[in-house]
Participant: 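First the structure, then my questions, so here it is.
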Amino acid sequence: MNRDKMVLGIKYTIYALILLLFYVLQTTPGLFAIFGIRPILVVPAAVAIAMYEGEFVGGLYGALAGLLGDMGSSMLFGFGGLIIAFFCILAGLAIIHLMHLNVWNAILFVGVTMLVMGSLEFMFGYGMWGHPNVWMIYVHRTLPVIAYTTAVTPLFFWLIGKVFHKARKSMVRS
């Protein structure tokens with residue numbers, strides 16, 4: 001039993017380090033930028049954790065990912081934490097009760113999470129001010145970030161899956 005707790009502690013620490021690493025990478029100027037568009041890397045990592053671990057652990061790591069993302073954002077601190085935690089809880093519950101654990105569902109969850117988060121950020125940050133042609137920001141900045149983040153989801157699903165299965169194998173052996 002003691003070995004299982006140690007393995008769980010190591011696994012959860014690795015998840016936190018993965019989120020921290022990808023937060024640092026996503027905020028590094030110019031890194032992963034394509035035509036000035038950079039993905040939000042902590043979202044697919046948090047969603048993948050939620051899909052493998054369930055709603056409780058997923059919600060906690062979703063909140064952590066959102067708060068990390070909020071530190072590099074111009075939005076109200078906590079906004080991303082609430083949204084990502086909510087969608088990670090939904091993803092964890094959906095995988096437990098309704099859907100299969102596969103990469104296509106991960107892409108779906110990340111896409112929906114990013115669409116809602118990006119749309120809300122656009123609406124509160126730009127849209128409600130009524131400036132002319134503000135829709136161009138949504139089309140040329142928000143939607144490409146959503147698409148780019150969703151496109152890198154399979155990498156995170158694979159990475160988190162490796163950590164999850166390695167920990168599970170270590171716990172079964174004990």
Side-chain angles (χ1 to χ4, degrees), residues 1-29 31-32 38-73 75-118 145-146 148-174:
M1 187 66 170
N2 199 15
R3 177 178 162 77
D4 288 352
K5 287 182 182 180
M6 185 181 72
V7 169
L8 283 175
I10 291 170
K11 177 176 69 168
Y12 293 147
T13 302
I14 290 172
Y15 287 159
L17 291 173
I18 286 171
L19 286 177
L20 188 61
L21 170 70
F22 284 108
Y23 169 72
V24 169
L25 291 175
Q26 88 181 18
T27 57
T28 302
L31 191 62
F32 303 123
R38 296 185 321 189
I40 301 173
L41 301 175
V42 294
V43 172
V47 169
I49 291 169
M51 290 177 70
Y52 278 102
E53 294 292 338
E55 76 282 358
F56 182 74
V57 173
L60 292 175
Y61 282 101
L64 175 62
L67 293 176
L68 285 172
D70 285 344
M71 288 193 302
S73 170
M75 294 304 295
L76 181 65
F77 188 75
F79 179 77
L82 287 174
I83 292 173
I84 297 171
F86 175 76
F87 280 99
C88 284
I89 291 168
L90 284 180
L93 287 171
I95 293 301
I96 291 169
H97 298 292
L98 299 172
M99 304 172 89
H100 294 286
L101 180 64
N102 62 41
V103 72
W104 296 109
N105 287 332
I107 291 169
L108 174 70
F109 287 126
V110 171
V112 169
T113 303
M114 287 301 300
L115 186 63
V116 170
M117 191 169 83
V145 169
I146 292 167
Y148 193 3
T149 302
T150 304
V152 299
T153 299
L155 169 71
F156 292 94
F157 187 77
W158 174 81
L159 177 64
I160 299 301
K162 287 289 187 188
V163 173
F164 178 80
H165 292 299
K166 180 77 172 171
R168 177 178 272 182
K169 193 183 295 183
S170 294
M171 287 171 46
V172 169
R173 266 191 264 145
S174 59

Participant: What do you reckon, is CZ of F77 surrounded by more than 12 foreign heavy atoms closer than 6.0 Å?
Facilitator: yes
Participant: Taking the side chain from Y15 and the backbone from V163, do they hold a donor-acceptor pair closer than 3.5 Å?
Facilitator: no
Participant: Which value, rounded to the nearest 0.5 Å, describes the distance between F79 atom CZ and M117 atom CE?
Facilitator: 8.0 Å
Participant: Before you tell me yes or no, could you show the steps for F32 and Q26 under side chain to side chain contact (heavy atoms under 4.5 Å, CB included), namely the whole-Å CA-CA distance, both residues' side-chain angles and the distance that decides it to 0.1 Å?
Facilitator: CA-CA 8 Å; F32 303 123; Q26 88 181 18; over 6 Å; no
Participant: Taking I40 as the fixed residue, which of I84, T149, I146, V110 is the one that meets the side-chain contact (heavy atoms from CB on, under 4.5 Å) rule?
Facilitator: T149
Participant: Please report the closest heavy-atom contact between A85 and G59, naming both atoms and the distance.
Facilitator: CB-O, 3.6 Å
Participant: Work out which heavy atom in G78 is nearest to a heavy atom in D70; give both atom names and the distance.
Facilitator: N-OD2, 2.7 Å
Participant: On a heavy-atom basis, which atom in M51 and which in A91 lie closest, and how many Å separate them?
Facilitator: CG-CB, 4.3 Å
Participant: Distance check, rounded to the nearest 0.5 Å: L68 atom CG versus M71 atom CE?
Facilitator: 4.5 Å
Participant: Take F109 and M99 through the test side chain to side chain contact (heavy atoms under 4.5 Å, CB included) and record every step on the way to the result.
Facilitator: CA-CA 11 Å; F109 287 126; M99 304 172 89; 3.5 Å; yes
Participant: With no hydrogens and no angle check, is any side-chain donor or acceptor of R38 less than 3.5 Å from a backbone partner on Y148?
Facilitator: no
Participant: Between the side chain of Y61 and the main-chain N/O of Y12, is any donor-acceptor distance below 3.5 Å?
Facilitator: yes
Participant: If you take all heavy atoms of K11 and A167, which pair is closest and at what distance?
Facilitator: CD-CB, 3.5 Å
Participant: Let me confirm one number: the OG1-CG distance from T153 to N105, rounded to the nearest 0.5 Å.
Facilitator: 12.0 Å
Participant: For the atom pair CG (L64) and OH (Y23), what is the distance rounded to the nearest 0.5 Å?
Facilitator: 11.0 Å
Participant: Using side-chain heavy atoms (C-beta onward) and a distance below 4.5 Å, is V47 in contact with F87?
Facilitator: no
Participant: Could you please spell out the steps behind the side chain to side chain contact (heavy atoms under 4.5 Å, CB included) verdict for L8 and M171?
Facilitator: CA-CA 9 Å; L8 283 175; M171 287 171 46; 4.0 Å; yes
Participant: Please step through side chain to side chain contact (heavy atoms under 4.5 Å, CB included) for the pair L17 and L21, ending with a clear verdict.
Facilitator: CA-CA 6 Å; L17 291 173; L21 170 70; over 6 Å; no
Participant: Any idea which heavy atoms bring T150 and G111 closest together, and the distance?
Facilitator: OG1-CA, 3.4 Å
Participant: With the side chain counted from C-beta on, respond yes when P44 and M114 share a heavy-atom pair under 4.5 Å apart, and no when they do not.
Facilitator: no
Participant: Nearest 0.5 Å, please: how far is CG in L41 from CG in L155?
Facilitator: 9.0 Å
Participant: Could you give the distance from CZ (F157) to CG (L101), rounded to the nearest 0.5 Å?
Facilitator: 4.0 Å
Participant: If every non-hydrogen atom of L19 is compared with every non-hydrogen atom of A65, which pair is closest and at what distance?
Facilitator: CD2-CB, 4.0 Å
